[in-house]
Amino acid sequence: MFKIVRREEMSGGTVVLNEIEAPLIARKAKPGQFVIIKANETGERVPLTMADTDPVKGTITLIYMVVGKSTALFKTLKVGEGYQDIIGPLGKPTHLENVGTAVCVGGGTGIAVLHPITRGLKQAGNKVISIIGARSKNILILEDQMRAVSDELHVCTDDGSYGHHGFVTEVLKTVLDKNKVGLVVGIGPVPMMKFVSKITKDYGVKTLVSLNPIMIDGTGMCGGCRVTVGGKTQFACVDGPEFDGHLVDFDELTLRLQAYCEDEKECYNNFCTLKA
Amino acid sequence: MAEKPEKKEKTPRQPMPEQEPKARARNFEEVPYGYGPEAAVKEAERCLQCKNPACVDGCPVAVDIPGFINLIKQGEFARSISKIWEKNSLPAVCGRVCPQEMQCEGRCIIGKKGEPVAIGNLERFAADFARKSGECELPTLAQPTGKRVAVVGSGPAGLTVAGDLILKGHQVTIYEAFHKPGGVLVYGIPEFRLPKEIVFSEVAALENMGVKLELNQVIGRTITVEELFAEGFDAVFLGVGAGLPRFLNVPGENLIGIYSANEYLTRSNLMKAYRFPEYDTPIIKGRKVITLGAGNVAMDAARTALRLGAESSSIVYRRSREEVPARAAEVHHAEEEGVQFHFLTAPVKFLGNEKGRLTGMVGLKMALGEPDDSGRRRPVEIKGSEFEMECDLAIIAVGANANPLLTRSTEGLQLNKWGYIVADEATGKTSRKAVWAGGDIVTGSATVILAMGAGRKAADSIHDYLVRGW
Ligand SMILES: Cc1cc2nc3c(=O)[nH]c(=O)nc-3n(C[C@H](O)[C@H](O)[C@H](O)COP(=O)(O)OP(=O)(O)OC[C@H]3O[C@@H](n4cnc5c(N)ncnc54)[C@H](O)[C@@H]3O)c2cc1C
Ligand code: SF4
Ligand code: FES
């Protein structure tokens, strides 16, 4: 079992942080890589990109939003309890280099994945401008942590309850107008990544996005995670999860993410009835 | 040597009792029930006990077939399994999945005039008897040598290496990427053909003998081969299987409702999606299902689709019935259960709706042309013969390639042009010192028994290295 040593709830309980003992993975993991976790015998294999790792303590940190049966099950796990299986680190790490100025754009729980990459880009000597957003102030996560690793931090909320009133993409435009930017990293909901990529394409700025298709093995063995990038099929688990945002077929990804919507509802409802 | 089969061939081949096709096409229980002791003895009596048994020549690991059959005939069931174990450490598996008609039974002398001895069924009987009765001698371990061997992958190749080397006194640790051991035996081959309990009991037997099993460890990611040596392993065996699904590269292939056979079977078998929502992993069930390909994998997929409630399940294959690579028993079972076969048909593209879901496939009729490199007649397109087939689930079972995850992260491994590891046929030695390889990652997708055969040769060579040197 992989034991949970720290647990926090964020965004009013809709987002959960777990710090988990997984020394072998913690020793190896790099920013941008993910793990596959499975809570128990009957559980599903769920891919989650790591939000942090501590090789000395031998722990990894995962931050997930509660969206369905599996994450609702994860949420019930307390400190001292744990996950039956964790596999990783999987996928290619982010290529962290000095490009001069880098812009990191994050939305929702994507900010958790973005954080170690932002830190890495900062350590690589970049000037880092970060833009993070959420629907509303009370569900925004990791603001302080992002501020600590950025030279400049912009916050946006859809409802205007905090920071810029509007989308991260609007702020991104002004940032691109004012700065000579070498790289944009955009991680968040698929529509956000799609629009970030659209804008940066107009500006001709290289853009990385981190994709989260449905996965099973995470080792290139099933092809369930296939995405179309530049007209070619790629397996996100081994060829990614990061890809050139200008080449990704986001519409296909959006559809493929809906594959099990109905089943998930059934499973989730079952789970909720059982718990009640 | 000429035998005299005419006189002895009186009893007909004992039929295998099976679940009735209509019923079994809707459940996941094993199809054949297996022989009872009476039928087994009767079948064993059909064997002529040839002096130069042709069947043994046909067996990739040279099991003493007349030997174990003779013991069954005498009612010495426990001794009979010990006889098989001398050469084959997974008989309960092999009795169920080996292509006997191309191996032992295909060579059996009685088969020249009538039906060959049911060697596979007898092997299965002996193994099941031993497992159920617990009546058999456990092999004894040799004196500990203090040498440590890492086995990467827990498919038939890896399990064989582990079993052989633990007996010879070495310490063995198996590293497996998945959360369950068994390789294709667990994630690929369905329950109705090979109950998982059998595979797990074989693995448990190895663990009882002292083999250590490390699950959830992707070698090349979690730990590298370099690190295994640094940790003190003296030898490493790579048995990681083929494990990279081939797609057709036709338009529409990323529609929802199109799976690689690996994904479909892994969801159903390993993740138990057939028991959704009791198990959390969902699977697209499909009313009209098409499976592309005609190997064992395709038969397993098409038959699984029926069991998940499909109204129709069709195999679409580019070549003709003669070229079908699946075991004869699988094709027979599939047909009995109502799987339809469309031979000489190739997929052109897939059609979908606005939600990105599969609605149909355009196929093209083929004719047989000149023989190709494999000696099989090459299918050629019949121009203008496109037609549409309705389907809401399509499973691509046209083979696998070498998964590069491990090979790319390991230095000094020579690969062939397809990315498979180059290993000496007689010993399994790779181009890198103290590293062996065997099974599908060397040969490309093959069979359980060939993977085991390769494992056995590698184990002998590893043992030799550990006591004598490279
Ligand atoms: C659906 C299906 C049906 C089949 N039916 C038959 C049949 O009826 N008869 C027959 O003889 N053959 C059949 N085969 C073929 C047969 O199963 C294979 O040839 C055989 O299993 C190969 O054995 P292996 O040990 O080389 O590899 P595998 O069985 O593929 O096992 C490899 C193992 O290594 C693990 N692994 C991979 N990469 C890593 C890594 N980097 N680190 C750690 N572990 C790793 C994998 O997870 C897997 O568990 C079938 C195959 C399939 C897919
Ligand atoms: S199984 Fe067939 S070939 Fe083998 S010994 Fe018996 S009769 Fe001869
Ligand atoms: S998750 Fe199976 S190939 Fe990527």
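Reminder, nothing fancy here: chain letters follow the sequence lines and each chain counts from 1. When reading the values below, keep in mind they use all heavy atoms of this one structure, side chains included, and skip hydrogens, waters and symmetry mates.
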Quick one: does N216(B)'s side chain get under 4.5 Å of K38(A)'s, heavy atoms only?
no
Cut-off 4.5 Å, heavy atoms of chain A, and the answer for L215(B) is neither
Strictly distance-based, threshold 3.5 Å: is any side-chain N or O of N269(B) a donor or acceptor partner for the main-chain N or O of Y187(B)?
yes
task = Describe, in one word, how the ring planes of Y260(A) and Y259(B) are oriented to each other, choosing from parallel (under 30°), tilted (30 to 60°) and perpendicular (over 60°).
result = parallel
When the 4.5 angstrom heavy-atom criterion is applied to E227(B) and chain A, the contacting part is side chain
Turns out that what part of N254(B) lies under 4.5 Å from chain A's heavy atoms comes down to both
If you tally heavy-atom pairs under 4.5 Å between each of A242(B), P282(B), G356(B) and chain A, the highest tally belongs to P282(B)
Practice task
Establish, from distance only, whether the side-chain atoms of E21(A) and T59(A) form a donor-acceptor pair under 3.5 Å.
Solution key: no
For a quick check under 3.5 Å, do N401(B) and R246(B) share a side-chain donor-acceptor pair by atom type? yes
Checked E278(B), K272(B), R357(B) vs chain A; the most non-hydrogen pairs under 4.5 Å come from R357(B)
**Asked** Do D440(B) and Y420(B) meet the criterion of a side-chain donor-acceptor pair at a distance under 3.5 Å?
**Response** no
The interface call for I36(A) against chain B, heavy-atom contacts under 4.5 Å, is neither
Honestly, the part of Q84(A) sitting under 4.5 Å from a heavy atom of chain B is backbone
Honestly, the part of L244(B) sitting under 4.5 Å from a heavy atom of chain A is both
Per-residue tally against chain B (heavy atom, under 4.5 Å) across Q258(A), R45(A), K69(A), E252(A) peaks at R45(A)
Turns out that what part of I258(B) lies under 4.5 Å from chain A's heavy atoms comes down to both
**Close side-chain approach of L253(A) to D249(A), heavy-atom, < 4.5 Å** = no
Applying a strict 4.5 Å limit to non-hydrogen atoms, the region of I216(A) in contact with chain B is side chain
The interface call for Y264(B) against chain A, heavy-atom contacts under 4.5 Å, is neither
In terms of heavy-atom pairs under 4.5 Å with chain A, the winner among N262(B), N249(B), T222(B) is T222(B)
When rounded to the nearest 0.5 Å, the distance separating CG of D244(A) from NZ of K201(A) is 8.5 Å
Of the listed S70(A), A29(A), G224(A), the one with the largest count of heavy-atom pairs under 4.5 Å with chain B is G224(A)
For E242(A) and L208(A), indicate whether the former's side chain and the latter's backbone hold a donor-acceptor pair under 3.5 Å. no
